[in-house]
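Everything numeric here is computed off the predicted structure, so don't read it as measured data.
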Amino acid sequence: MSSSGKVAIVTGAGSGIGRSVALAFLKDGYRVVLAGRRTERLEQTAKDSGAGERALAVPTDVTGQKSVQALFAATKGKFGRLDVLFNNAGIGTPGSVMLEDLTLEQWQAVVNTNLTGMFLCTQEAFKIMKSQTPRGGRIINNGSISAHAPRPNSAPYTSTKHAVTGLTKSSALDGRKYDIACGQIAVEPLMDVDQVGAAVLHMANLPLETNVQFMNIMATKMPFVGRG
């Protein structure tokens, strides 16, 4: 299937990496469902794309199962299928708050968004992808280099990004029998965000018999490799 016939959901599509990926998909001819909490941001992304009816904004709270189910129902109702899910929605805690001072509510908010939200979206994507014709699809999770080299005072965020790696591996294994490929991109956003959009688009456009399990994309001169 050419990219012009494919359908994608991008969570957190109103800003940052999600917006960049959504715009890259739309430029490539995808029909894209833009999910996020802020309606005006989603509508702005759709407007900026110039894609018209190929862009559908669906306000979504990924921490709520009913909200997630409504997102996937809207996608199937509008476009009839789902080929790519980019699980991108995520939050962190203020870097100024030390681990011992974090509240339980702060911890749970990050876990609910970064991990539970990703699980709920993956679950709904499986249900559609395994039952459609042609069968299958691709799920790309937004991980983080923080899972390899965390920043100070980032325990909730870093912990969830470790968990995302586990979810990616399990989803890749469990999706095989349904022709569902699952991979992960780990980004350190110290470069032009459009390069991230291009990288995710490359992963999405591979044939389903090929999978990029993990991709790290980062600024060439960032101090991740070695001491610098």
Side-chain angles (χ1 to χ4, degrees), residues 1-62 67-91 113-114 117-118 120-122 124-125 128-129 132 134 136-143 181-208 212 215 217 219:
M1 183 184 296
S2 67
S3 60
S4 62
K6 289 183 178 180
V7 178
I9 291 176
V10 177
T11 66
S15 61
I17 291 171
R19 172 183 162 86
S20 175
V21 170
L23 291 174
F25 279 16
L26 287 163
K27 184 178 180 181
D28 199 56
Y30 278 75
R31 293 171 286 173
V32 180
V33 180
L34 312 167
R37 291 176 296 175
R38 291 169 290 188
T39 304
E40 68 281 0
R41 292 283 187 94
L42 301 177
E43 292 177 345
Q44 188 63 52
T45 300
K47 181 180 178 181
D48 291 345
S49 74
E53 291 296 313
R54 288 192 295 109
L56 175 66
V58 180
T60 306
D61 177 1
V62 298
S67 184
V68 170
Q69 290 171 339
L71 165 66
F72 283 79
T75 301
K76 189 173 181 180
K78 173 71 172 179
F79 297 125
R81 61 179 291 112
L82 175 63
D83 298 286
V84 179
L85 165 64
F86 181 45
N87 268 322
N88 168 69
I91 62 172
T113 300
N114 297 8
M118 191 174 288
L120 292 172
C121 289
T122 297
E124 294 304 313
I128 293 178
M129 290 175 174
Q132 63 192 6
R138 187 179 303 275
I139 298 171
I140 302 171
N141 295 330
N142 190 357
C182 186
Q184 177 177 306
I185 187 164
V187 179
E188 186 72 3
L190 299 176
M191 62 200 156
D192 188 338
V193 73
D194 289 345
Q195 299 304 318
V196 182
V200 175
L201 179 64
H202 168 72
M203 295 170 71
N205 281 344
L206 290 170
L208 287 179
V212 176
M215 177 191 288
I217 181 167

Give me the atom names and distance for the closest heavy-atom approach of [X] to [Y].
X: Arg54; Y: Gly29; value: NH1-C, 3.4 Å
X: Thr45; Y: Ala13; value: OG1-O, 3.1 Å
X: Met203; Y: Gln184; value: CE-O, 4.0 Å
X: Gly12; Y: Asn88; value: O-ND2, 3.3 Å
X: Ala74; Y: Val58; value: CB-CG2, 4.3 Å
X: Gly18; Y: Val10; value: O-CG1, 3.5 Å

Suppose we screen for side-chain contact (heavy atoms from CB on, under 4.5 Å). Which residues come up paired with [X], at least two apart in sequence or across chains?
X: Ser67; value: Thr60, Asp61
X: Ala89; value: Thr11, Val62
X: Ala186; value: Ile145, Asn216

Identify every side-chain donor-acceptor pair in residues 193-200 under 3.5 Å, counting partners at least two apart or on other chains, and give the distances.
none

With rounding to the nearest 0.5 angstrom, report the [atom1] to [atom2] distance, [X] to [Y].
X: Leu85; Y: Met118; atom1: CG; atom2: CE; result: 8.5 Å
X: Met129; Y: Ile139; atom1: CE; atom2: CD1; result: 5.0 Å
X: Leu56; Y: Leu42; atom1: CG; atom2: CG; result: 10.0 Å

Short question: side chain of [X], backbone of [Y] - any donor-acceptor pair under 3.5 Å?
X: Arg41; Y: Ser15; value: no
X: Asp83; Y: Val7; value: yes
X: Ser49; Y: Leu26; value: no

With sequence neighbours excluded, residues passing salt bridge (Lys or Arg N to Asp or Glu O under 4.0 Å) with Glu40:
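None.
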Residues in salt bridge (Lys or Arg N to Asp or Glu O under 4.0 Å) with Asp48, at least two apart?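 Listed in chain order: Arg19.
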Any side-chain heavy-atom pair from [X] and [Y] closer than 4.5 angstrom?
X: Asp28; Y: Lys6; value: no
X: Asn142; Y: Ile185; value: yes
X: Lys76; Y: Leu82; value: no

Could you tell me which residues satisfy side chain to side chain donor-acceptor pair (under 3.5 Å) with [X], sequence neighbours excluded, listed by chain and number?
X: Thr75; result: none
X: Lys78; result: Glu53
X: Asn114; result: Thr160
X: Asn87; result: Thr122, Asn141

Taking ring pair (Phe, Tyr, Trp, His ring centres under 6.0 Å) as the cut-off, I'd like each qualifying pair that reaches into residues 31-59, sequence neighbours left out, listed once.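 Qualifying pairs: none.
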Derivation of the side chain to side chain contact (heavy atoms under 4.5 Å, CB included) call for Val212 and Leu206 | CA-CA 9 Å; Val212 176; Leu206 290 170; 3.6 Å; yes
Quiz item: Got a sec, which residues hit ring pair (Phe, Tyr, Trp, His ring centres under 6.0 Å) with Phe25, two or more places apart in sequence or on another chain?
Solution: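 By the ring pair (Phe, Tyr, Trp, His ring centres under 6.0 Å) rule, Phe25 matches Tyr30.
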Please lay out, stage by stage, how Met191 and Ile217 fare under the test side chain to side chain contact (heavy atoms under 4.5 Å, CB included).
CA-CA 9 Å; Met191 62 200 156; Ile217 181 167; 3.5 Å; yes
